[in-house]
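Working notes, beginning with the structure itself.
Order of listing sets the numbers, starting from 1, for every ligand and every atom in it. For the single chain, residues carry numbers from 1 onward in sequence order.
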Amino acid sequence: MSILDEIDIDNTPSHIAIIMDGNGRWAKKQGHNRLFGHNFGVESVREVLQAAQKTNVKYLTLYAFSTENWNRPKEEVDGLMDLLVRTIGNEVAELHKSNVKISTIGDIEGLPDSCGKELSEAYEKTKNNTGVNLVLALNYSSRWELTNAAKNLALKVESGDIKVSNIDETSIISELNTSNIPDPELLIRTSGEYRVSNFLLWQIAYSEFHFTDVLWPDFKANDLYEAILDYQSRERRFGMVSEQIDKNS
Ligand code: FPP
């Protein structure tokens with residue numbers, strides 16, 4: 001029996017978010033530069049997406065470039081941008097064939113024009129697809145997203161469109177980049193780091209966390225399945241007590 005067979009397909013998270021970490025350390029271990037690790041990281045993206053397609057996962061959000069990543073050495077930032085543009089360009093036809101819908105969260109206008117152009121083509125080509133939603137977090141940070149949400153709500157109050165007393169959780173959610181995406185039930189971080197790093201801070205309020213020592217370029221289908229099994233072993237209480245959950249199920 002393979003590990004995939006152990007998964008309860010009716011109880012897979014519909015949204016998995018991943019902080020892909022450890023490319024640099026993986027490359028160093030092999031005696032190569034950091035970009036070598038990022039290049040191999042793309043292989044893991046491909047494999048994990050295929051694995052997600054074999055379960056009931058509907059949304060896969062990948063933290064591919066954070067706002068803070070601009071502070072890395074120029075050579076690495078340029079290399080990462082180049083890799084993103086090339087990967088999106090190379091993969092979009094195949095992704096479209098497998099019914100994947102591509103979208104992004106983050107400040108896409110702040111990315112190089114070449115990246116914006118590849119992304120626009122990818123959205124357009126895959127917009128009617130009904131399979132897995134691949135959400136790339138690019139030039140994303142949660143504090144940036146929440147700051148924008150606050151500004152947009154303030155503007156709506158200023159223009160008289162809404163009243164302060166009417167602002168509630170739904171109004172905030174509607175201003176987030178993820179307004180059309182359910183919150184992730186499961187957040188995975190690779191490489192033995194136990195941080196959230198400014199990723200989906202609002203959206204992970206009730207997410208289960210799965211941390212693994214595996215470095216991202218080594219993270220493959222079975223690692224995703226293990227994370228799903230770990231998720232399925234948890235009891236999600238949403239602030240209630242066990243007995244209430246048992247009654248509801
Ligand atoms: C973190 O590892 C990884 C990144 C900042 C980049 C992740 C990008 C990819 C895997 C390419 C993905 C491409 C697409 C199209 C989704 P790190 O460099 O922080 O590793 P370290 O902690 O070992 O230094």
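Although no hydrogens or angles enter the test, the distance criterion places no donor-acceptor pair under 3.5 Å between the side chain of Ser197 and the main chain of Phe199. In terms of modelled atom types and a separation under 3.5 Å, the side chain of Tyr225 and the main chain of Asp5 share no donor-acceptor contact. Checked by atom type and distance alone, the side chain of Asn133 pairs as donor or acceptor with a backbone atom of Lys58 at under 3.5 Å.
When the shell of 6.0 Å around CG of Asp113 is examined, it contains 12 or fewer heavy atoms from other residues, nucleotides or ligands. Atom CD of Glu75 is surrounded by 12 or fewer heavy atoms from other residues, nucleotides or ligands within 6.0 Å.
When non-hydrogen atoms are compared, ligand 1 lies under 4.0 Å from the backbone of Asn23 as well as from its side chain. Residue contacts with ligand 1, taken as heavy atom pairs separated by less than 4.0 Å, do not involve Leu215 at all. When heavy-atom distances to ligand 1 are checked against a 4.0 Å cut-off, Glu91 has no atom that comes that close, whether in backbone or side chain.
Residue pairs meeting the ring-ring contact (aromatic ring centres under 6.0 Å, His included) criterion with at least one member in residues 152-190: none, sequence neighbours excluded.
The shortest contact between atom 16 (C) of ligand 1 and any protein heavy atom is with Leu136 CD2, 3.6 Å. What sits closest to atom 8 (C) of ligand 1 on the protein, heavy atoms only, is Ala64 O, 3.7 Å. Protein heavy atom at the shortest distance from atom 13 (C) of ligand 1 is Leu84 CD2, 3.8 Å. Atom 1 (C) of ligand 1 has as its closest protein heavy atom Met20 O, 3.1 Å.
An N or O contact shorter than 3.5 Å is missing between Asn69 and ligand 1 by distance.
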